[in-house]
Amino acid sequence: MPKATKNNAMHWFRRGLRLHDNPALVATLEQSPTQVYPVYVLDGDSYEVFRCSPLRATFLVECLQDLDARLRDLGSRLYVLEGDPVTTLPEKWKEWDISHISWETDETGEPYATARDETVLQKAHDANIRVLQECSETLYPLNAYVKKAGKKGVPATMTGFQKLFDSMPPMHKVLPAPTKEDFPDIKTSKNENTNTTMKNLKDKYLPPKKPTDLPWPRNTPRDQVECVWNANDCKNLTPVVHGGETLALKALKESLAKPNWVAAFEKPKTDPTSIKPATTALSPYLSWGCLSPRQVWVALDEALEKATVSPSKPPVSLHGQLLWRDFNNLMAHDANNETPACWNHIEGNKYCRNIPWDDDPKALEAWKTGRTGFPWIDACMRQLAQEGWMHHLGRHAVACFLTRGDLWQSWEEGAKHFEAQLLDADYALNGFNWLWLSCSGFFYQYFRCYSPVGFQKKNDPSGKYIRKFVPELKNLPDKYIYEPWEAPASVLEKAGVKLGETYPRPIIDGDHKDVSKDNMSRMKAAYDAHKAEQAVASSSKTKKQRTSE
DNA sequence: CACACGTTGGCTAG
DNA sequence: CTAGCCAACGTGTG
């Protein structure tokens, strides 16, 4: 029998945990491979798993289970490997006689993924394996924005980004999910070897069943892992959404079922104290890639066609939310392009002002655990722990409180906690929003400060949101639900609240008004110092230019 | 150099 | 419910 040219494909899922609009997967199938191995590598050191709460772990497990089920519907399956992709993948290339591999490009410059992909690329080259990479994490490839922006560089304001976006050519069309016919049919395959291999793998490399099946980071001592938990911590959690492409597509359909709601959507006007999310809550699906942003974009277009009210516009509209996402990704890409690995750090981040934050582990811990003594802040933080989600404006309030507003703690610490806890934790978006809220970058009006007391009284005067997530306060009368320390002793007693025992007194020294005023002058000083630094830098630059002339 | 503007502040007066 | 002030940021445009 003549030896056929080998043509075995591997598609490596990382983010992009979906079949629809997956150009890298399609590119692999277009090679008409004899066999296809869709793989996912469980990697404790990856950005997604390194800091991973039980809720995030559960979500990932659900995504992988769903992906496997959807592939099985097409006569294929998912192979879940474990360990460092840099060594695990090459082992399987050899074992499975792979000739080409595909994956969705990570363009954000997230340091772990960037180094990992460079190594895998090199090893594939050495092993004579063809690599097919496609961009589908954003509406346009980030590189396409960079090219279009040209010499003057990418815009660092949303207005500028919107102009750039409007100048882009038509968007790449949404690719449908592959069908059964796109996958090789094992049953009719005449290749004996392939059939035997597939049979031998039948009970191997199955997706994880529970969150505790996920690996811990390989190179970090257990006590230094950011988020340590066990099976017990997985009980009684109520995730805002469950993982997987199937549920993602269903949620998308349901979100857009009311065209007039879509058209009228204005993000700042949605209610953070709603018990059921007042927004679409599609962000976890976009973050893990269960949903394609282009798919959402097109679905929004279709919904708007059916609307009878005039549509809101970016940046507050639903389309606008996708623009923010691309903009944030572009900023991360640009920051990391110049000084690698800086985006979720202060050090070396060209978009971040260095503000001399305090370091108070007790304050940080109180914030993380929802025990600051400010019921609205604590309710938000406890919703995060309970559901893996909180409304965008809640995130604003707690981020402001932790940093420039009250506690004066570094946004890096807040960002790490969000990365561990949020189902939608996203490298680019999380970094951008912490820069914004702490007034370290992109937003500078530090005199606009959220009140941890009054901010949501307008939406929720009776404090039903607080009563749900901070149940030890649930019997307080409306008048004191946002500020229990103002309540007379008799009222507290009647509600069963003992301040300092059943619920903390406010963590800050004095009134929020006074503390935030003081912090504003600290911001002013930090900004002045920054200005002075800039002046020195630019004058030394001018000098250099003169000397070189 | 002046001025408008910036996804989503708080507060008070009317 | 709205307007205007608070004290006053940086960026982009003319």
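Chain identifiers are assigned alphabetically (A, B, ...) following the order of the sequence lines, protein sequences preceding nucleic acid strands; residue numbering begins at 1 within each chain. All heavy atoms count here, side chains included; hydrogens, waters and symmetry mates do not.
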For this session: Quickly work out the A/W324 CH2 to B/dT8 C1' distance and round it to whole Å.
Result: 10 Å
Exercise. What's the spacing between A/N328 CG and A/N433 CG if we round to 0.5 Å?
Worked result: 6.0 Å
For this session: Could you tell me whether A/F447 contacts a base, only the sugar-phosphate backbone, or nothing, with contacts defined as non-hydrogen atoms closer than 4.0 Å?
Result: base
For this session: Ignoring hydrogens and angles, tell me if any N or O in the side chain of A/D378 forms a donor-acceptor pair with the backbone of A/G373 under 3.5 Å.
Result: yes
Problem set entry | Touch class at under 4.0 angstrom, heavy-atom based, for A/T159 against every strand present | sugar-phosphate
Extract from the structure each pairing of a protein N or O with an N or O of nucleotides 1-3 of chain B at less than 3.5 Å, listing the distance.
none

Exercise. Hey, what do you get for CG (A/L139) to CZ (A/F165), rounding to the nearest 0.5 Å?
Worked result: 5.0 Å
For this session: Specify whether A/F443 and A/W436 have parallel, tilted or perpendicular ring planes, treating 30° as the upper limit for parallel and 60° as the lower limit for perpendicular.
Result: parallel
Problem set entry | Gap separating the CD1 atom of A/I507 from the CD1 atom of A/I377, nearest 0.5 angstrom | 11.5 Å
Problem set entry | Nucleic acid contacts of residues 506-534 of chain A, taken as heavy-atom distances under 4.0 Å to DNA chain C | A/K524, A/Y527, A/K531
For this session: Please list residues of residues 260-281 of chain A whose heavy atoms come under 4.0 Å from any atom in DNA chain C, ordered by number; otherwise none.
Result: none
Exercise. Quantified in whole Å, what is the C1' atom distance between nucleotide C/dA8 and nucleotide B/dC5?
Worked result: 14 Å
For this session: Give A/K458 one of three labels, base, sugar-phosphate or nothing, depending on what nucleic acid heavy atoms sit under 4.0 Å from its own.
Result: nothing
Problem set entry | Spacing of the P atoms in C/dT13 and B/dT7 (rounded, Å) | 14 Å
For this session: Report the distance from atom OH of A/Y450 to atom OG of A/S516, rounding to the nearest 0.5 Å.
Result: 14.0 Å
Exercise. Does A/R15 pair with A/D426 as a salt bridge, N-O distance under 4.0 Å?
Worked result: yes
Exercise. Distance check: side-chain N/O of A/R353 vs OP1/OP2 of C/dG10, anything under 4.0 Å?
Worked result: yes
Exercise. Is A/E104 salt-bridged to A/R18, going by a charged N under 4.0 Å from an acidic O?
Worked result: yes
Exercise. A/N459 has an atom CG; how far is it from atom P of B/dT8, in whole Å?
Worked result: 16 Å
Exercise. When you compare C/dT11 with C/dA7, how far apart are their P atoms, in angstrom units rounded to a whole number?
Worked result: 24 Å
Seminar exercise, completed: Note, DNA chain C 5' to 3' with Watson-Crick or G-U pairs under 3.5 Å encoded as ( ), [ ], | and . gives ||||||..||||||
Problem set entry | Nearest-Å distance for atom pair OH/P, residues A/Y446 and C/dG10 | 7 Å
For this session: Take A/W485 and A/Y503 through the test ring pair (Phe, Tyr, Trp, His ring centres under 6.0 Å) and record every step on the way to the result.
Result: CA-CA 10 Å; A/W485 60 90; A/Y503 184 74; 8.8 Å; no
For this session: Answer yes if the side chains of A/E62 and A/H242 hold a donor-acceptor pair under 3.5 Å, and no otherwise.
Result: yes
Seminar exercise, completed: For residues 507-540 of chain A, the ring pair (Phe, Tyr, Trp, His ring centres under 6.0 Å) pairs (sequence neighbours left out) are A/Y446-A/Y527
Seminar exercise, completed: Output for pair (A/K368 NZ, A/K416 NZ), nearest 0.5 Å, gives 7.5 Å
For this session: Provide, to the nearest angstrom, the distance between the CH2 atom belonging to A/W436 and the P atom belonging to B/dG9.
Result: 10 Å
Problem set entry | Listed partners of A/N475 passing side-chain hydrogen bond (donor to acceptor under 3.5 Å, both in side chains), at least two apart | none
Exercise. What integer distance in Å separates A/Y482:OH from B/dG10:P?
Worked result: 12 Å
Problem set entry | Stepwise salt bridge (Lys or Arg N to Asp or Glu O under 4.0 Å) test for A/D424 and A/R395 | CA-CA 12 Å; A/D424 60 28; A/R395 301 181 196 196; 2.8 Å; yes
